[in-house]
Amino acid sequence: RSGKMAKLTHLVDNEVFRAYATYTTIVLLKMMLMSLITAYFRITRKAFINPEDTASFGKGESAKKYLRTDPDVERVRRGHLNDLENIVPFLGIGLLYALSGPELSTALLHFRIFAGARILHTFAYLIPLPQPSRGLSWAVGYAVTISMAYKVLKTALYL
């Protein structure tokens, strides 16, 4: 089975696809959590970007002071944006990789390293941990995605 694209009807029985689905769910939930963390920081820092979001803090001029940026909110937003820039490619490339027939152990290694790197990246961004922790965690996750892309190209397109 190695080296052949899996048939759609075999996905439920495909261990690699189930592993992909598991780790995809983990990183998507982590990315969704970033939205909640952003909302928490906006509320606790009273820093909003939409006028209607300030209504509970007063009206008119008294509410305008809450229309502002906050360094903590912006830091969380940058972490969330970084998730979007890295998890979305993982979803597509990881799916193609899972369908390209890799060994389960190799696929699990890719998926686990990527998920771990993204989780570490989030902690490094939010705490913040000293560099190069954030940069290294980003690079590890990115390298995993590139590794899977190479496997897909080599297997499916005969490069």
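Between Leu104 and Ala19, the shortest heavy-atom distance links the atoms CD1-CB, 4.3 Å.
In terms of hydrophobic clustering, with Ile, Leu, Val, Met, Phe, Trp and Tyr side chains grouped at heavy-atom distances under 4.5 Å, Ile93 and Leu99 are assigned to a common cluster. A continuous path of Ile, Leu, Val, Met, Phe, Trp and Tyr side chains, each step under 4.5 Å between heavy atoms, connects Leu91 with Tyr23, placing both in one hydrophobic cluster. Hydrophobic clustering keeps Phe48 apart from Val76 (ILVMFWY residues linked when any side-chain heavy atoms are closer than 4.5 Å, directly or through intermediates).
Between His110 and Phe114, the ring centre distance reaches or exceeds 6.0 Å.
To the nearest 0.5 angstrom, Phe111 atom CZ is 6.0 Å from Tyr97 atom OH. Note that the NE2 atom of His121 and the OH atom of Tyr142 stand 13.0 Å from one another [nearest 0.5 Å]. Distance check: Arg112 CZ to Ile26 CD1 gives 9.5 Å after rounding to the nearest 0.5 Å. Note that CG of Leu108 is 10.5 Å distant from CZ of Arg18, once rounded to the nearest 0.5 Å.
Under the 3.5 Å distance criterion, the side-chain polar atoms of Asn50 are left unmatched by any main-chain donor or acceptor of Glu52. With hydrogens and angles ignored, the 3.5 Å screen pairs a side-chain donor or acceptor of Ser137 with a backbone N or O of Ser133.
Contact of the Asn86 side chain with the Val27 side chain is not registered, since no non-hydrogen atoms from C-beta on lie closer than 4.5 Å.
The local environment of CZ in Phe57 is crowded, with over 12 non-hydrogen atoms from other residues, nucleotides or ligands closer than 6.0 Å.
Residue Asn82 is tested with Arg134, Arg77, Arg118 for a side chain to side chain donor-acceptor pair (under 3.5 Å); the sole match is Arg118.
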